[in-house]
2 protein chains.
Amino acid sequence: MGRRNLHTREQQRDMAIAAAELILVREGIDELSMRKVAQAIGYTVGNLYLLFQNQDDLLAALNERTADAIYLQLRDRIEALDDPRERLGAMARGYIEFATGNPNRWRLLFEHQLPEEMKPRPTADARIRRLFELVETTLGALEPKLKADALRMRATTFWGGIHGICSLAVSGKLSWGGRSSDYTLYCEEMISTFFGPPKSRRRS
Amino acid sequence: MGRRNLHTREQQRDMAIAAAELILVREGIDELSMRKVAQAIGYTVGNLYLLFQNQDDLLAALNERTADAIYLQLRDRIEALDDPRERLGAMARGYIEFATGNPNRWRLLFEHQLPEEMKPRPTADARIRRLFELVETTLGALEPKLKADALRMRATTFWGGIHGICSLAVSGKLSWGGRSSDYTLYCEEMISTFFGPPKSRRRS
DNA sequence: GGGCGGAACTGATCGGCGTCCATTTACGGG
DNA sequence: CCCGTAAATGGACGCCGATCAGTTCCGCCC
């Protein structure tokens, strides 16, 4: 076969990323190969390299989707909430739920190191920064007395802590320190430690 | 060549693990292959499979060494300290310093997922549990009023938070929330949040 | 409408990988 | 001295990421 023109370049890119995401979710990171992606979208391997620079380029594009998905999920969780304290809790819970509910996507985003030469990916970094700024803004509403530097520091530390819970939960290593697998409990403990006990304590 | 008897099985295992660690540190995870390890110790690839069940088995053995190294480093850091608060701080700083100083070894230990069928590795899990219990014991000395369950919970949450700082630092993603690359600052913030300001505040 | 330039896509190829196993080597007991 | 057997080899297999000369056919121009 030669020229087909069934899909535009952009359509093919989208198809490839979606197919890669499906393979990632269903079969795991190790099973995600360029050959499988190519076969899934009905093209050859060589053609994939006209759409992406290399495999890591495809993975980076996939990671952008994941970052968007997390951002949107957190945004949905907080849009009906007014209290900053509740917002931070909802965001933390949403983050952990995404990580434990989509471990492969989460791991690829945060634990797969891209080679050095691909570092300058402004769009990808911007997606994560947007996610982080959501935390920083909400935290700023809760503790308005903090200066910009202190606020950034506090937000980073807090979110790093939540991120650590996710990291251990996803890799199944939280159980090393006990038996409980309800990661939300650790999340609540982290929130309480940073921001004190919840305002309205439910009975029992 | 056939039978050589230059080294015992156990010696060959140790040589292979040491060689793998060297490659891991010098060249990174992606460059760590069975073929390179075999060549480094002067044997063939096939012989490696008489020493290890497969590549993940070798990596698991390597990870045990890393866990030991972290444990010993933390133990060294705290043996001259009496105050539990200072001990926790020293452990957290030691953990972060190990992670940022040995990123490849740290990543292999915590971010490389072994396949399901290798899950029952009692020795490996015990090494990590020993490390965690060091935290839990020290925390118990600082907050003796906590019951066992609450203590475990608090220790897990605290260490998860420190672990998250490490995770973001190692993957270079802490800078997403700012510019500071002094990970120890986040560490101090986390400690202060959990245990209050340091007892003896140095001037300035 | 016909032909042709070039875009679109293929598929064979390369080197490297993890894994396996039939074969070869040489040590040590008889 | 010789032979059984443990020790180690090396080549084979199927998969991987990546490359690129070659093939096909769309659409423009005359």
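Keep in mind it's a predicted model, so treat the numbers as computed, not measured. All chains are named by letter (A, B, ...) in the order of the sequence lines, taking the proteins before the strands, and each is independently numbered beginning at 1.
Nearest heavy atoms, B:Leu62 versus B:Leu32: CD2-CD2, 4.3 Å.
Atoms CG (A:Leu32) and C1' (D:dC16) sit 12 Å apart, rounded to a whole Å. One interatomic measurement links the two molecules: CZ of B:Arg4 to C1' of C:dT24, which rounds to 14 Å at whole-angstrom precision. Rounded to a whole Å, the OH atom of A:Tyr43 is 7 Å from the P atom of C:dT10. For the pair A:Leu50 CG and C:dG6 C1', the interatomic distance rounds to 14 Å; values are reported in whole Å. Between the CD atom of A:Glu27 and the P atom of D:dC15 there is a distance of 14 Å, given to the nearest Å. Straight-line distance from the CG atom of B:Asn5 to the C1' atom of D:dT5: 12 Å, rounded to whole Å. Per the geometry, NZ belonging to A:Lys36 stands 10 Å off P belonging to D:dC15, to the nearest Å. Note: CD (A:Gln39) to C1' (D:dG17) measures 16 Å, nearest angstrom.
Backbone-only contact: A:Gln12 has heavy atoms under 4.0 Å from sugar-phosphate atoms and none from a base.
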Go through it in stages, so that I can follow the logic: the residues are A:Asp68 and A:Arg130, the test is salt bridge (Lys or Arg N to Asp or Glu O under 4.0 Å), and I'd like the CA-CA distance, side-chain angles, deciding distance and then a yes or no.
CA-CA 9 Å; A:Asp68 282 344; A:Arg130 187 178 56 161; 2.8 Å; yes

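For B:Tyr49, a side-chain nitrogen or oxygen approaches OP1 or OP2 of C:dT19 to under 4.0 Å. Between B:Thr44 and the phosphate of D:dA8, there is no side-chain N or O to OP1/OP2 separation shorter than 4.0 Å.
End-to-end axis angle for the helix from C:dG1-D:dC30 to C:dG30-D:dC1, using five pairs per end and rounding to 10°, comes out at 30°.
For B:His163 and B:Trp106, the ring centers sit closer than 6.0 Å to each other.
Residues A:Met91 and A:Arg77 have side chains not in contact (no heavy-atom distance under 4.5 Å, counting atoms from C-beta outward).
By the 4.0 Å N-to-carboxylate-O rule, A:Glu27 lies close enough to A:Lys36 to be salt-bridged with it.
Between the side chains of B:Arg107 and B:Ser171, no donor N or O sits under 3.5 Å from an acceptor N or O. Under the 3.5 Å distance criterion, with hydrogens and angles disregarded, no donor-acceptor pair is assigned to the side chains of A:His7 and A:Asp14.
Comparing D:dA7, D:dT9, D:dG17 by their nearest atom to the side chain of A:Met34 picks out D:dG17. With D:dA18, C:dT19, C:dC9 as the candidates, the nucleotide lying closest to the side chain of B:Val45 is C:dT19. For A:Gln55, counting side-chain heavy atoms from C-beta on, the closest listed nucleotide (D:dG17, D:dT9, C:dG28) is D:dG17.
For C:dG16, its base never sits under 3.5 Å from the side chain of B:Arg35 at any donor and acceptor pair.
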